[in-house]
Undergrad: 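What follows is a single structure, and I will ask about it in a moment.
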There are 2 protein chains.
Amino acid sequence: MHMASPLISPALTEQMLATPLFAGLPPDEVLRIAAAAHSKRLTAGEYYFLQGDPAERIYLLVEGRLKLTRAAADGQQALMRVVTPGTLFGALALAQAGDYPVSAQAADGSLAAYWLPLELMGFVQQFPALAINAMKIMADHVQEFQERYLQLATERVERRLARAILRLAAQTGRKTDEGVLIDLPLTRQDLAEMTGTTLFSVSRILNQWESQGLVKVGREKVVVVFPHGLVRIAEDLPGKKE
Amino acid sequence: MHMASPLISPALTEQMLATPLFAGLPPDEVLRIAAAAHSKRLTAGEYYFLQGDPAERIYLLVEGRLKLTRAAADGQQALMRVVTPGTLFGALALAQAGDYPVSAQAADGSLAAYWLPLELMGFVQQFPALAINAMKIMADHVQEFQERYLQLATERVERRLARAILRLAAQTGRKTDEGVLIDLPLTRQDLAEMTGTTLFSVSRILNQWESQGLVKVGREKVVVVFPHGLVRIAEDLPGKKE
DNA sequence: CGCTACGTTGACGTCCCTCAATTTCGGTGG
DNA sequence: CCACCGAAATTGAGGGACGTCAACGTAGCG
């Protein structure tokens with residue numbers, strides 16, 4: 001079904017040392033945890049897990065990009081998070097025995113390490129710092145979603161899209177001679193699901209921005225040419241009231 | 001400035017024993033933690049803390065009701081959570097050294113116990129179960145906000161309002177001979193801020209429901225008369241697409 | 001080279017926000 | 001106990017942002 005063999009690679013331990021979850025742990029301890037890791041490699045489009053699957057693994061992305069999406073009963077989706085290397089996903093499995101609340105799809109070829117909750121729990125008992133770190137990570141997520149919720153409730157589409165693009169550029173941007181390329185194949189539909197709108201609105205707004213010289217767009221591609229212009233759209237006051 | 005005297009009351013320890021944060025701890029240990037608690041009493045309208053204040057206390061509500069709201073830069077607000085007795089608030093202070101992301105306002109006379117992060121951290125070192133419990137709580141919050149985010153992005157106002165009312169009825173409802181009263185003074189504005197709409201839309205929808213016999217409304221009052229009708233509105237498929 | 005998924009563009013409709021005018025309700029003080 | 005005041009709530013009219021739908025391009029890939 002999947003590789004369950006331990007994976008001890010320089011790449012993994014390097015990622016782990018830089019990951020907030022393992023911050024402050026003695027390096028040799030991180031090595032021991034790394035030695036207990038399993039690994040799984042996927043190609044573009046495959047899923048690490050689906051929403052509703054029993055949450056029985058905690059993953060750390062080593063290579064590639066992921067999309068975490070959540071679907072409503074009627075099929076409507078929202079793109080909750082884009083995962084980059086060095087980031088945990090499926091971390092809720094650490095705390096709860098329930099099901100994954102999102103689906104995790106590889107956007108390209110990707111490699112992830114994973115542990116079973118019981119395995120990590122053993123380490124948590126020995127190193128409370130691990131638990132504290134995990135709490136920090138979750139607390140960050142709570143805040144992020146509160147913030148996005150507020151923005152979705154109070155801001156209009158163009159501003160939300162500007163924020164999303166800027167966030168993506170900061171998180172996964174790569175400098176090119178044209179500007180900052182968002183290094184991740186995102187369809188208009190994906191951007192719509194990130195911002196709570198439709199692919200049509202995204203398309204219109206992106207093209208409008210392009211004609212203003214703020215961005216360059218292409219098939220599954222956005223390049224930020226003039227970030228300050230987007231910042232103005234994202235920050236300049238007028239919301240929908242006042 | 002405030003009472004810093006220890007508070008050891010039967011009411012508090014009872015609350016604590018039932019609180020998820022302390023689940024699974026030896027009762028005498030809970031007593032020790034209770035003995036380290038401070039307390040603060042507020043009257044309606046006062047704040048335990050404001051958004052942006054340094055997060056230096058973790059609170060447990062013992063009596064009364066609270067509203068946790070978050071404001072955007074332009075003053076727009078969202079009502080993130082209603083807190084009932086036995087529930088933690090300001091728990092992000094446990095994990096992070098930052099500022100409170102929300103304001104906590106007493107909806108009526110209320111009493112809360114609190115600890116300083118450092119105090120609780122001592123207990124966390126001794127009882128990793130505390131950390132695990134805290135993670136569970138935060139994980140629940142993450143899920144709840146992901147869910148609300150998805151709903152805000154995909155569902156229309158009437159349905160979101162129906163969900164909110166049902167949630168409130170379950171959380172803070174009190175049986176009367178007319179139906180289930182939401183035992184908390186909520187203005188139309190509050191309901192609007194919970195559901196990402198305007199007080200006008202809330203008013204219209206509530207009155208429409210009243211004329212259908214689903215609810216009875218009054219000044220800062222909602223009584224659910226026919227829950228199933230609301231459930232139908234909340235669950236019946238048609239979203240905005242399909 | 002043709003299929004398929006992605007993207008664009010226009011027209012149209014509608015949900016719901018905005019704003020203003022009134023009314024109702026609850027509390028307060030005379 | 002009643003008059004008064006402010007906050008909450010109602011109601012209507014109007015408009016605009018954005019969703020919906022359909023038709024048509026276009027790029028990538030086998």
Side-chain angles (χ1 to χ4, degrees), chain A residues 43-45 67 72 74-79 105 107-108 151-162 182 184-211 215-223 233 238-242, chain B residues 43-45 67 72 74-79 105 107-108 151-162 182 184-211 215-223 233 238-242:
Chain A
T43 59
K67 298 174 190 170
D74 67 350
Q76 299 251 78
Q77 285 194 334
L79 208 171
Q105 185 181 33
D108 46 26
Q151 290 171 0
L152 185 54
T154 62
E155 296 174 353
R156 42 195 51 190
V157 172
E158 186 179 19
R159 173 167 304 197
R160 301 202 302 267
L161 185 59
I182 291 174
L184 174 70
L186 283 175
T187 66
R188 301 289 178 266
Q189 177 70 35
D190 288 329
L191 287 169
E193 288 177 1
M194 292 189 67
T195 49
T197 181
T198 61
L199 66 122
F200 307 102
S201 293
V202 172
S203 175
R204 275 183 245 271
I205 291 170
L206 285 180
N207 287 322
Q208 183 195 324
W209 286 350
E210 178 155 47
S211 71
V215 300
K216 277 183 182 279
V217 301
R219 189 191 179 81
E220 300 185 343
K221 180 174 78 104
V222 177
V223 180
I233 293 171
K240 67 177 110 172
K241 283 183 195 166
E242 274 167 327
Chain B
T43 59
K67 299 174 189 169
D74 66 351
Q76 299 251 80
Q77 284 194 334
L79 208 171
Q105 186 181 31
D108 46 24
Q151 289 170 0
L152 186 55
T154 62
E155 295 174 354
R156 42 195 53 191
V157 171
E158 187 180 18
R159 172 165 306 197
R160 300 202 304 267
L161 185 59
I182 292 175
L184 173 71
L186 284 175
T187 66
R188 304 288 178 266
Q189 177 70 35
D190 288 330
L191 287 169
E193 288 177 3
M194 294 188 66
T195 49
T197 180
T198 62
L199 69 120
F200 308 101
S201 293
V202 171
S203 175
R204 274 182 246 270
I205 291 170
L206 285 180
N207 288 322
Q208 183 196 324
W209 287 350
E210 178 156 46
S211 72
V215 299
K216 278 184 181 280
V217 300
R219 189 191 180 84
E220 300 185 344
K221 180 174 77 107
V222 177
V223 180
I233 294 171
K240 63 178 117 176
K241 284 182 193 165
E242 267 163 329

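Values reported hereafter were calculated over all heavy atoms of this structure, with side chains retained and with hydrogens, waters and symmetry mates removed. Order of the sequence lines fixes the chain letters, A, B, ..., with proteins taken first and strands second; residue numbering starts at 1 for each chain.
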Undergrad: Compare all side-chain heavy atoms of B:Arg204 with those of B:Gln208 and state whether any distance is below 4.5 angstrom.
TA: no
Undergrad: Between A:Thr197 and A:Ile205, is there a side-chain heavy-atom distance shorter than 4.5 Å?
TA: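 When only atoms from C-beta onward are counted, A:Thr197 and A:Ile205 do not touch, as no gap falls below 4.5 Å.
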Undergrad: I'd like to know if the side chain of B:Glu210 reaches the main chain of B:Val217, judged simply by a donor and an acceptor atom lying under 3.5 Å from each other, with no hydrogens or angles considered.
TA: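 A pair under 3.5 Å: yes.
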Undergrad: Could you check which of D:dA17, D:dA9, C:dT8 has an atom nearest any side-chain atom of A:Arg156?
TA: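 Among the listed nucleotides, the one closest to the side chain of A:Arg156 is D:dA17.
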Undergrad: Using a cut-off of under 3.5 Å, enumerate the N/O to N/O pairs linking the protein to nucleotides 1-3 of chain C.
TA:
none

Undergrad: Would you jot down, in residue-number order, the residues of residues 199-206 of chain B having a non-hydrogen atom under 4.0 Å from DNA chain C?
TA: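 Correct list: B:Phe200, B:Ser201, B:Arg204.
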Undergrad: Ignoring hydrogens and geometry, is there a side-chain-to-backbone donor-acceptor pair from B:Arg160 to B:Thr195 under 3.5 Å?
TA: yes
Undergrad: Side-chain N or O of A:Thr197 versus OP1/OP2 of D:dG19: is the shortest distance under 4.0 Å?
TA: yes
Undergrad: Can you tell if the side chain of A:Leu186 reaches within under 4.5 Å of the side chain of A:Lys67, non-hydrogen atoms only?
TA: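 Yes, side chains in contact.
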Undergrad: When you check the phosphate oxygens OP1 and OP2 of C:dC17, does a side-chain N or O of B:Thr198 lie under 4.0 Å from one of them?
TA: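 Answer is yes, contact under 4.0 Å.
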Undergrad: Heavy-atom nearest nucleotide on DNA chain D for A:Val157 versus B:Thr187: which residue maps closer to 5'?
TA: B:Thr187
Undergrad: Looking only at non-hydrogen atoms, find the nearest pair between B:Gly196 and B:Leu152 and report the distance.
TA: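 Nearest pair, atom of B:Gly196 first, then B:Leu152: CA-CD1, 4.2 Å.
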Undergrad: Do side-chain atoms of B:Ser203 reach the backbone of B:Leu199 as a donor and acceptor pair under 3.5 angstrom?
TA: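 No: the side chain of B:Ser203 does not pair with the backbone of B:Leu199.
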Undergrad: Between D:dG19, C:dC6, D:dA8, which nucleotide gets closest to the side-chain atoms of B:Glu220?
TA: D:dA8
